[in-house]
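Structure record follows, encoded as C-alpha coordinates.
Bear in mind that the values here come from a model prediction, so they are computed numbers and not experimental data.
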Amino acid sequence: MTSAPASAAPPWWLRLVRPRTGRELVLLATRFPVGLTWFIILTVGFSLGAGLAIVIIGFAILAALAMAIRLGASIERSLIGFVDDRRIETPYRSAGTGALGALKTWITDPATYRDTLYLLLQFPLGIVSLVVLVIGVLVPVSFILSPLVYRFVDGGIPVVETDGGGIWIDTWWEAAIASAVGIGLLLVSAFVISAMATIHLWVGRGLLGPTASTRLATADQQRQQGVSASLSERRRIERDLHDGAQQQLVSVAMNLGRAQSKFDDDPEKARELLDAAQRQTKEAIAELRNLARGILPSVLTDRGLDPALSALALQSPFPVQVTTDVERRLPESVESTAYFVVAEALTNAAKHAGASDIRVNVRDAGEVLHVEVADNGRGGADPAGRGLRGLADRVASVGGRLSVTDGVQGGTVVRAELPCGS
(Lines give C-alpha, C1' and ligand atoms only; values in the text may rest on other atoms or scores of the structure.)
Protein backbone atom coordinates (compact mmCIF):
# COMPACT_ATOMS: atom_id res chain seq x y z
CA MET A 1 0.00 0.00 0.00
CA THR A 2 1.44 3.39 -0.97
CA SER A 3 1.05 6.30 1.34
CA ALA A 4 -0.80 9.37 0.19
CA PRO A 5 1.44 12.28 -0.81
CA ALA A 6 1.83 14.97 1.77
CA SER A 7 -0.16 18.10 1.05
CA ALA A 8 1.91 20.98 -0.25
CA ALA A 9 2.83 23.68 2.22
CA PRO A 10 0.80 26.88 1.73
CA PRO A 11 2.59 29.91 0.24
CA TRP A 12 4.44 31.97 2.82
CA TRP A 13 2.33 35.03 2.08
CA LEU A 14 -0.81 33.17 3.18
CA ARG A 15 0.49 33.09 6.75
CA LEU A 16 -1.61 36.19 7.45
CA VAL A 17 -4.90 34.45 6.64
CA ARG A 18 -4.25 30.94 7.90
CA PRO A 19 -6.49 29.91 10.86
CA ARG A 20 -3.55 29.14 13.13
CA THR A 21 -2.28 32.74 12.90
CA GLY A 22 -5.57 33.92 14.36
CA ARG A 23 -5.30 31.39 17.19
CA GLU A 24 -1.72 32.51 17.86
CA LEU A 25 -2.95 36.12 18.10
CA VAL A 26 -5.54 35.02 20.67
CA LEU A 27 -2.82 33.26 22.66
CA LEU A 28 -0.47 36.25 22.68
CA ALA A 29 -3.28 38.76 23.35
CA THR A 30 -4.29 36.89 26.50
CA ARG A 31 -0.79 36.48 27.93
CA PHE A 32 -0.42 39.86 29.64
CA PRO A 33 -3.82 39.95 31.44
CA VAL A 34 -3.52 36.24 32.31
CA GLY A 35 0.07 36.67 33.52
CA LEU A 36 -0.75 39.76 35.58
CA THR A 37 -3.77 38.03 37.15
CA TRP A 38 -1.79 34.93 38.12
CA PHE A 39 1.15 37.00 39.41
CA ILE A 40 -1.22 38.75 41.82
CA ILE A 41 -3.04 35.54 42.81
CA LEU A 42 0.15 33.59 43.44
CA THR A 43 2.05 36.28 45.31
CA VAL A 44 -0.91 37.22 47.50
CA GLY A 45 -2.00 33.60 47.99
CA PHE A 46 1.44 32.32 48.97
CA SER A 47 2.07 35.30 51.23
CA LEU A 48 -1.22 34.91 53.09
CA GLY A 49 -1.05 31.12 53.19
CA ALA A 50 2.52 30.99 54.47
CA GLY A 51 1.99 33.86 56.90
CA LEU A 52 -1.13 32.26 58.40
CA ALA A 53 0.16 28.67 58.29
CA ILE A 54 0.24 28.54 62.08
CA VAL A 55 -3.58 28.58 62.07
CA ILE A 56 -5.99 26.48 60.05
CA ILE A 57 -7.03 29.34 57.76
CA GLY A 58 -3.52 29.39 56.32
CA PHE A 59 -3.81 25.76 55.24
CA ALA A 60 -7.26 26.52 53.80
CA ILE A 61 -5.78 29.34 51.71
CA LEU A 62 -2.97 27.10 50.45
CA ALA A 63 -5.47 24.33 49.62
CA ALA A 64 -7.66 26.78 47.69
CA LEU A 65 -4.56 28.09 45.91
CA ALA A 66 -3.54 24.55 44.91
CA MET A 67 -7.02 23.96 43.47
CA ALA A 68 -6.86 27.28 41.60
CA ILE A 69 -3.43 26.43 40.17
CA ARG A 70 -4.69 23.09 38.84
CA LEU A 71 -7.76 24.73 37.34
CA GLY A 72 -5.67 27.46 35.71
CA ALA A 73 -3.20 24.92 34.34
CA SER A 74 -6.05 22.86 32.89
CA ILE A 75 -7.39 25.95 31.12
CA GLU A 76 -3.92 26.67 29.75
CA ARG A 77 -3.60 23.10 28.46
CA SER A 78 -6.89 23.49 26.62
CA LEU A 79 -5.77 26.82 25.13
CA ILE A 80 -2.45 25.36 23.95
CA GLY A 81 -4.28 22.39 22.43
CA PHE A 82 -6.64 24.85 20.71
CA VAL A 83 -3.72 26.72 19.15
CA ASP A 84 -1.77 23.80 17.68
CA ASP A 85 -4.46 21.05 17.60
CA ARG A 86 -2.48 18.73 19.90
CA ARG A 87 -3.88 17.81 23.29
CA ILE A 88 -1.52 17.89 26.27
CA GLU A 89 -1.81 14.80 28.43
CA THR A 90 -2.65 15.32 32.09
CA PRO A 91 0.56 14.86 34.13
CA TYR A 92 -0.95 14.46 37.59
CA ARG A 93 -0.64 11.50 39.93
CA SER A 94 -3.77 9.66 41.00
CA ALA A 95 -5.42 11.55 43.85
CA GLY A 96 -5.56 9.97 47.28
CA THR A 97 -8.81 9.05 48.97
CA GLY A 98 -10.72 11.78 50.75
CA ALA A 99 -10.13 15.52 50.88
CA LEU A 100 -6.92 15.20 52.89
CA GLY A 101 -5.57 12.52 50.56
CA ALA A 102 -6.29 14.68 47.51
CA LEU A 103 -4.67 17.71 49.17
CA LYS A 104 -1.59 15.68 50.06
CA THR A 105 -1.32 14.48 46.45
CA TRP A 106 -1.59 18.04 45.13
CA ILE A 107 1.10 19.31 47.50
CA THR A 108 3.57 16.46 46.89
CA ASP A 109 3.00 16.12 43.14
CA PRO A 110 5.90 17.73 41.17
CA ALA A 111 3.41 18.62 38.42
CA THR A 112 1.80 21.15 40.78
CA TYR A 113 5.08 23.04 41.06
CA ARG A 114 5.64 22.93 37.30
CA ASP A 115 2.14 24.38 36.89
CA THR A 116 3.02 27.14 39.35
CA LEU A 117 6.25 27.96 37.51
CA TYR A 118 4.40 28.11 34.19
CA LEU A 119 1.75 30.47 35.57
CA LEU A 120 4.44 32.72 37.08
CA LEU A 121 6.31 32.88 33.77
CA GLN A 122 3.20 34.19 32.02
CA PHE A 123 3.75 37.65 33.49
CA PRO A 124 7.20 38.38 31.97
CA LEU A 125 6.30 36.51 28.80
CA GLY A 126 3.04 38.46 28.68
CA ILE A 127 4.91 41.78 28.78
CA VAL A 128 7.09 40.69 25.85
CA SER A 129 4.02 39.41 23.97
CA LEU A 130 2.23 42.71 24.50
CA VAL A 131 5.18 44.66 23.08
CA VAL A 132 5.38 42.29 20.09
CA LEU A 133 1.67 42.69 19.38
CA VAL A 134 1.67 46.46 19.71
CA ILE A 135 4.72 46.98 17.50
CA GLY A 136 4.01 44.11 15.14
CA VAL A 137 0.38 45.04 14.48
CA LEU A 138 -0.13 48.77 15.09
CA VAL A 139 2.97 49.98 13.21
CA PRO A 140 2.29 47.99 9.99
CA VAL A 141 -1.42 48.89 10.09
CA SER A 142 -0.61 52.59 10.46
CA PHE A 143 1.65 52.37 7.38
CA ILE A 144 -1.01 50.49 5.42
CA LEU A 145 -3.60 53.17 6.22
CA SER A 146 -1.28 56.00 5.10
CA PRO A 147 -3.20 56.78 1.87
CA LEU A 148 -6.46 57.01 3.80
CA VAL A 149 -4.93 59.21 6.50
CA TYR A 150 -3.18 61.38 3.91
CA ARG A 151 -6.54 62.02 2.26
CA PHE A 152 -7.91 63.75 5.37
CA VAL A 153 -4.76 65.30 6.91
CA ASP A 154 -3.41 68.56 5.61
CA GLY A 155 0.31 69.12 5.51
CA GLY A 156 1.41 65.49 5.31
CA ILE A 157 1.97 62.67 7.81
CA PRO A 158 5.08 62.69 10.05
CA VAL A 159 6.97 59.38 10.05
CA VAL A 160 10.09 60.52 11.93
CA GLU A 161 9.88 64.07 13.24
CA THR A 162 13.05 65.97 14.29
CA ASP A 163 14.01 69.55 14.92
CA GLY A 164 15.45 69.69 11.44
CA GLY A 165 12.28 68.46 9.77
CA GLY A 166 12.48 64.65 9.79
CA ILE A 167 10.70 62.29 7.37
CA TRP A 168 7.21 63.20 6.19
CA ILE A 169 4.67 61.63 3.85
CA ASP A 170 3.42 64.60 1.89
CA THR A 171 2.65 63.15 -1.58
CA TRP A 172 0.28 60.46 -2.88
CA TRP A 173 3.06 58.28 -4.21
CA GLU A 174 4.88 58.40 -0.83
CA ALA A 175 1.65 57.32 0.87
CA ALA A 176 1.32 54.42 -1.58
CA ILE A 177 4.91 53.33 -0.92
CA ALA A 178 4.28 53.53 2.83
CA SER A 179 1.21 51.32 2.41
CA ALA A 180 3.25 48.71 0.48
CA VAL A 181 5.95 48.86 3.18
CA GLY A 182 3.22 48.32 5.79
CA ILE A 183 2.05 45.16 4.03
CA GLY A 184 5.62 43.85 4.01
CA LEU A 185 6.03 44.71 7.69
CA LEU A 186 2.77 42.91 8.48
CA LEU A 187 4.07 39.76 6.79
CA VAL A 188 7.28 40.00 8.80
CA SER A 189 5.21 40.55 11.95
CA ALA A 190 3.27 37.35 11.21
CA PHE A 191 6.52 35.39 11.39
CA VAL A 192 7.57 37.19 14.59
CA ILE A 193 4.17 36.55 16.18
CA SER A 194 4.33 32.91 15.15
CA ALA A 195 7.83 32.61 16.65
CA MET A 196 6.65 34.18 19.90
CA ALA A 197 3.64 31.87 20.03
CA THR A 198 5.95 28.91 19.40
CA ILE A 199 7.98 29.91 22.45
CA HIS A 200 4.79 29.96 24.53
CA LEU A 201 3.76 26.54 23.20
CA TRP A 202 7.21 25.11 23.88
CA VAL A 203 7.22 26.42 27.46
CA GLY A 204 3.67 25.20 27.99
CA ARG A 205 4.27 21.69 26.71
CA GLY A 206 7.51 21.44 28.67
CA LEU A 207 5.98 22.50 32.00
CA LEU A 208 2.33 21.48 31.74
CA GLY A 209 2.82 18.09 30.10
CA PRO A 210 3.95 14.82 31.66
CA THR A 211 7.66 14.16 32.18
CA ALA A 212 9.41 10.95 31.16
CA SER A 213 9.13 9.57 34.70
CA THR A 214 5.44 10.48 34.81
CA ARG A 215 4.85 8.67 31.51
CA LEU A 216 6.60 5.58 32.87
CA ALA A 217 4.51 5.71 36.05
CA THR A 218 1.35 6.19 34.03
CA ALA A 219 2.22 3.31 31.73
CA ASP A 220 2.89 1.09 34.77
CA GLN A 221 -0.41 2.14 36.32
CA GLN A 222 -2.23 1.43 33.06
CA ARG A 223 -0.66 -2.02 32.90
CA GLN A 224 -1.78 -2.72 36.44
CA GLN A 225 -5.27 -1.48 35.63
CA GLY A 226 -5.30 -3.68 32.55
CA VAL A 227 -4.34 -6.72 34.63
CA SER A 228 -7.00 -5.80 37.19
CA ALA A 229 -9.60 -5.43 34.44
CA SER A 230 -8.63 -8.80 32.95
CA LEU A 231 -8.85 -10.50 36.34
CA SER A 232 -12.22 -8.89 37.01
CA GLU A 233 -13.46 -10.00 33.61
CA ARG A 234 -12.25 -13.55 34.23
CA ARG A 235 -13.98 -13.64 37.62
CA ARG A 236 -17.17 -12.35 36.01
CA ILE A 237 -17.05 -15.05 33.36
CA GLU A 238 -16.37 -17.73 35.98
CA ARG A 239 -19.26 -16.44 38.11
CA ASP A 240 -21.64 -16.27 35.16
CA LEU A 241 -20.68 -19.78 34.06
CA HIS A 242 -21.07 -21.17 37.57
CA ASP A 243 -24.35 -19.42 38.36
CA GLY A 244 -25.90 -19.70 34.92
CA ALA A 245 -24.95 -22.17 32.20
CA GLN A 246 -23.23 -24.65 34.52
CA GLN A 247 -26.28 -24.96 36.74
CA GLN A 248 -28.52 -25.33 33.71
CA LEU A 249 -26.34 -28.11 32.26
CA VAL A 250 -26.20 -29.92 35.62
CA SER A 251 -29.99 -29.88 35.73
CA VAL A 252 -30.13 -31.19 32.14
CA ALA A 253 -27.82 -34.10 33.05
CA MET A 254 -29.87 -34.93 36.13
CA ASN A 255 -33.17 -34.87 34.25
CA LEU A 256 -31.74 -37.01 31.47
CA GLY A 257 -30.53 -39.53 34.05
CA ARG A 258 -33.91 -39.63 35.77
CA ALA A 259 -35.70 -39.95 32.43
CA GLN A 260 -33.45 -42.86 31.47
CA SER A 261 -34.27 -44.68 34.74
CA LYS A 262 -38.02 -44.18 34.23
CA PHE A 263 -38.12 -44.81 30.49
CA ASP A 264 -39.44 -48.39 30.83
CA ASP A 265 -41.52 -48.12 34.05
CA ASP A 266 -43.08 -44.64 33.66
CA PRO A 267 -42.88 -43.37 30.05
CA GLU A 268 -45.11 -40.38 30.79
CA LYS A 269 -42.85 -39.17 33.57
CA ALA A 270 -39.80 -39.80 31.38
CA ARG A 271 -41.37 -37.65 28.64
CA GLU A 272 -41.90 -34.81 31.14
CA LEU A 273 -38.28 -35.03 32.24
CA LEU A 274 -37.11 -34.99 28.59
CA ASP A 275 -39.24 -31.90 27.93
CA ALA A 276 -37.71 -30.20 30.98
CA ALA A 277 -34.22 -31.17 29.82
CA GLN A 278 -34.91 -29.73 26.37
CA ARG A 279 -36.18 -26.48 27.87
CA GLN A 280 -33.16 -26.21 30.17
CA THR A 281 -30.84 -26.93 27.23
CA LYS A 282 -32.34 -23.98 25.31
CA GLU A 283 -31.94 -21.78 28.38
CA ALA A 284 -28.32 -22.86 28.74
CA ILE A 285 -27.67 -22.08 25.06
CA ALA A 286 -29.20 -18.63 25.52
CA GLU A 287 -27.10 -18.12 28.64
CA LEU A 288 -23.93 -19.09 26.78
CA ARG A 289 -24.87 -16.84 23.87
CA ASN A 290 -25.32 -13.88 26.20
CA LEU A 291 -22.03 -14.70 27.90
CA ALA A 292 -20.23 -14.89 24.56
CA ARG A 293 -21.76 -11.58 23.59
CA GLY A 294 -20.31 -10.10 26.78
CA ILE A 295 -16.83 -11.32 25.81
CA LEU A 296 -16.58 -10.10 22.22
CA PRO A 297 -19.33 -10.16 19.56
CA SER A 298 -18.44 -11.63 16.19
CA VAL A 299 -20.01 -8.69 14.35
CA LEU A 300 -17.40 -6.43 15.99
CA THR A 301 -14.43 -8.49 14.84
CA ASP A 302 -15.92 -9.14 11.39
CA ARG A 303 -17.54 -5.84 10.43
CA GLY A 304 -16.30 -3.17 12.80
CA LEU A 305 -17.57 -0.80 15.46
CA ASP A 306 -20.51 0.83 13.65
CA PRO A 307 -22.42 -2.41 12.87
CA ALA A 308 -21.62 -3.81 16.34
CA LEU A 309 -23.07 -0.75 18.08
CA SER A 310 -26.14 -0.82 15.84
CA ALA A 311 -26.70 -4.48 16.73
CA LEU A 312 -26.23 -3.64 20.41
CA ALA A 313 -28.81 -0.85 20.17
CA LEU A 314 -31.37 -3.21 18.61
CA GLN A 315 -31.14 -5.46 21.68
CA SER A 316 -31.98 -2.59 24.04
CA PRO A 317 -35.47 -2.57 25.60
CA PHE A 318 -35.76 1.19 25.00
CA PRO A 319 -35.04 3.47 22.00
CA VAL A 320 -31.34 4.01 21.31
CA GLN A 321 -30.08 6.54 18.77
CA VAL A 322 -26.58 5.68 17.53
CA THR A 323 -24.46 8.25 15.67
CA THR A 324 -21.01 7.18 14.51
CA ASP A 325 -18.33 9.02 12.59
CA VAL A 326 -15.75 6.26 12.13
CA GLU A 327 -14.60 5.56 8.59
CA ARG A 328 -11.75 3.14 9.31
CA ARG A 329 -10.96 0.03 11.28
CA LEU A 330 -9.39 0.92 14.59
CA PRO A 331 -7.07 -1.23 16.73
CA GLU A 332 -8.94 -4.21 18.17
CA SER A 333 -8.31 -3.08 21.75
CA VAL A 334 -9.84 0.33 21.00
CA GLU A 335 -12.89 -1.10 19.23
CA SER A 336 -13.58 -3.64 21.97
CA THR A 337 -13.15 -1.01 24.71
CA ALA A 338 -15.51 1.39 22.95
CA TYR A 339 -18.02 -1.43 22.52
CA PHE A 340 -17.92 -2.34 26.21
CA VAL A 341 -18.26 1.33 27.24
CA VAL A 342 -21.50 1.54 25.27
CA ALA A 343 -22.68 -1.89 26.44
CA GLU A 344 -22.09 -1.09 30.12
CA ALA A 345 -23.76 2.32 29.79
CA LEU A 346 -26.81 0.72 28.13
CA THR A 347 -27.00 -1.91 30.85
CA ASN A 348 -26.78 0.69 33.62
CA ALA A 349 -29.39 2.88 31.96
CA ALA A 350 -31.79 -0.06 31.72
CA LYS A 351 -31.20 -1.52 35.19
CA HIS A 352 -30.49 1.45 37.44
CA ALA A 353 -31.31 4.75 35.75
CA GLY A 354 -34.88 4.07 34.67
CA ALA A 355 -34.08 5.59 31.28
CA SER A 356 -36.49 5.53 28.37
CA ASP A 357 -34.24 7.10 25.75
CA ILE A 358 -30.49 7.04 25.14
CA ARG A 359 -28.11 8.62 22.64
CA VAL A 360 -24.78 7.15 21.60
CA ASN A 361 -22.25 9.34 19.81
CA VAL A 362 -18.92 7.92 18.61
CA ARG A 363 -16.49 10.17 16.75
CA ASP A 364 -13.04 9.44 15.35
CA ALA A 365 -10.93 12.58 15.86
CA GLY A 366 -7.75 11.12 14.38
CA GLU A 367 -5.58 10.46 17.41
CA VAL A 368 -8.49 10.01 19.84
CA LEU A 369 -11.80 8.15 19.61
CA HIS A 370 -14.53 10.01 21.50
CA VAL A 371 -17.38 7.90 22.90
CA GLU A 372 -20.39 9.52 24.58
CA VAL A 373 -23.49 7.80 25.94
CA ALA A 374 -26.24 10.03 27.37
CA ASP A 375 -29.55 8.84 28.84
CA ASN A 376 -32.63 10.59 30.25
CA GLY A 377 -32.76 8.58 33.46
CA ARG A 378 -32.67 9.73 37.05
CA GLY A 379 -28.92 10.45 37.08
CA GLY A 380 -26.70 10.22 40.12
CA ALA A 381 -24.56 7.34 38.79
CA ASP A 382 -21.74 6.36 41.16
CA PRO A 383 -18.38 6.23 39.31
CA ALA A 384 -16.99 4.19 42.21
CA GLY A 385 -19.53 1.41 41.63
CA ARG A 386 -18.20 -1.99 40.66
CA GLY A 387 -19.36 -1.88 37.04
CA LEU A 388 -18.17 1.65 36.26
CA ARG A 389 -14.94 1.18 38.22
CA GLY A 390 -14.13 -1.92 36.19
CA LEU A 391 -15.01 -0.03 33.03
CA ALA A 392 -12.67 2.81 34.03
CA ASP A 393 -9.88 0.25 34.52
CA ARG A 394 -10.59 -1.21 31.08
CA VAL A 395 -10.46 2.27 29.50
CA ALA A 396 -7.26 3.14 31.39
CA SER A 397 -5.62 -0.08 30.21
CA VAL A 398 -5.56 1.31 26.65
CA GLY A 399 -4.38 4.75 27.81
CA GLY A 400 -7.81 6.36 27.77
CA ARG A 401 -9.92 8.36 30.20
CA LEU A 402 -13.48 7.77 31.42
CA SER A 403 -15.80 10.33 33.02
CA VAL A 404 -19.30 9.90 34.41
CA THR A 405 -21.36 13.03 35.03
CA ASP A 406 -24.97 14.13 35.32
CA GLY A 407 -26.40 15.69 32.17
CA VAL A 408 -27.40 19.35 31.96
CA GLN A 409 -31.07 18.37 31.56
CA GLY A 410 -30.89 15.31 33.82
CA GLY A 411 -29.80 11.76 33.20
CA THR A 412 -26.27 10.43 33.05
CA VAL A 413 -23.50 11.10 30.53
CA VAL A 414 -20.67 8.60 30.15
CA ARG A 415 -17.69 9.86 28.14
CA ALA A 416 -14.55 8.01 27.11
CA GLU A 417 -11.48 9.23 25.24
CA LEU A 418 -9.53 6.36 23.69
CA PRO A 419 -6.15 6.97 21.99
CA CYS A 420 -6.22 5.25 18.62
CA GLY A 421 -3.41 6.77 16.54
CA SER A 422 -3.78 9.00 13.51
_Electrostatic pair R329-E335, nearest N-O below 4.0 angstrom_ = yes
_Gap separating the CG atom of L65 from the CG atom of L48, nearest 0.5 angstrom_ = 10.0 Å
*Which heavy atom in T405 sits nearest to a heavy atom in R415, and how many Å separate them?*
OG1-NH1, 3.5 Å
*Distance-only, no hydrogens or angles: does the S194 side chain make a donor-acceptor pair with backbone N or O of A190 under 3.5 Å?*
no
_Any side-chain heavy-atom pair of L330 and L418 under 4.5 Å_ = no
*Could you pull out the closest heavy-atom pair between G366 and C420, with the gap in Å?*
O-SG, 3.5 Å
*Under the 3.5 angstrom rule, does the side chain of D115 hit a backbone N or O of R70 as a donor-acceptor pair?*
no
*Going by heavy atoms in the side chains, are E344 and L402 under 4.5 Å from each other?*
no
*Supply the atom-to-atom distance R77 CZ to L207 CG, rounded to the nearest 0.5 angstrom.*
10.5 Å
*Distance from Q321 atom CD to I358 atom CD1, nearest 0.5 Å?*
11.0 Å
*Hey, does V368 have a side-chain heavy atom less than 4.5 Å from the side chain of R401?*
no
_Just so I know, are the side chains of T324 and L305 near enough to count as touching, which here means a heavy-atom distance under 4.5 Å?_
no
*Indicate the atoms forming the closest heavy-atom contact of V373 with A345, along with that distance.*
CG1-CB, 3.5 Å
*Quick one: does E24's side chain get under 4.5 Å of V83's, heavy atoms only?*
yes
*Looking at residues at least two apart in the chain, or sitting in another chain, which of them share a salt bridge (Lys or Arg N to Asp or Glu O under 4.0 Å) with R205?*
D84
*Any side-chain heavy-atom pair from V320 and L309 closer than 4.5 angstrom?*
no
*asked:* Just verifying a value: how many Å separate D364 CG and H370 NE2, rounded to the nearest 0.5 Å?
replied: 9.0 Å
All N/O donor-acceptor pairs, side-chain side in residues 119-132, below 3.5 Å, sequence neighbours left out:
from : atom 1 : to   : atom 2 : distance (Å)
Q122 : OE1    : R31  : NH1    : 2.9
Q122 : NE2    : Y118 : O      : 3.1
S129 : OG     : L125 : O      : 2.8
S129 : OG     : H200 : NE2    : 2.8

*asked:* If I compare all heavy atoms of L208 with all of I80, which pair ends up nearest, and what's the gap?
replied: CD1-CD1, 4.1 Å
Taking only distance into account, with no hydrogens and no angle test, what donor-acceptor pairs under 3.5 Å do side-chain atoms of residues 32-46 form with protein atoms, sequence neighbours excluded?
from : atom 1 : to  : atom 2 : distance (Å)
T37  : OG1    : P33 : O      : 2.7
T43  : OG1    : F39 : O      : 2.6
T43  : OG1    : I40 : O      : 3.1

*Note, V362 side chain near V326 side chain (heavy atom, < 4.5 Å)*: yes
*How far apart are the closest heavy atoms of L186 and G136, and which atoms are they?*
CD1-O, 4.0 Å
_Restricting to non-hydrogen atoms, name the atom on A313 and the atom on V322 that form the minimum distance, rounded to 0.1 Å._
CB-CG2, 3.7 Å
*List the steps, then state whether side chain to side chain contact (heavy atoms under 4.5 Å, CB included) holds for V192 with I135.*
CA-CA 11 Å; V192 175; I135 296 178; over 6 Å; no
*How long is the gap from CG on L369 to OG1 on T337, to the nearest 0.5 Å?*
10.0 Å
_To the nearest 0.5 Å, what is the distance between OG1 on T412 and CG on D375?_
4.5 Å
*Side chains of I88 and E76: does their closest heavy-atom pair fall under 4.5 Å?*
no
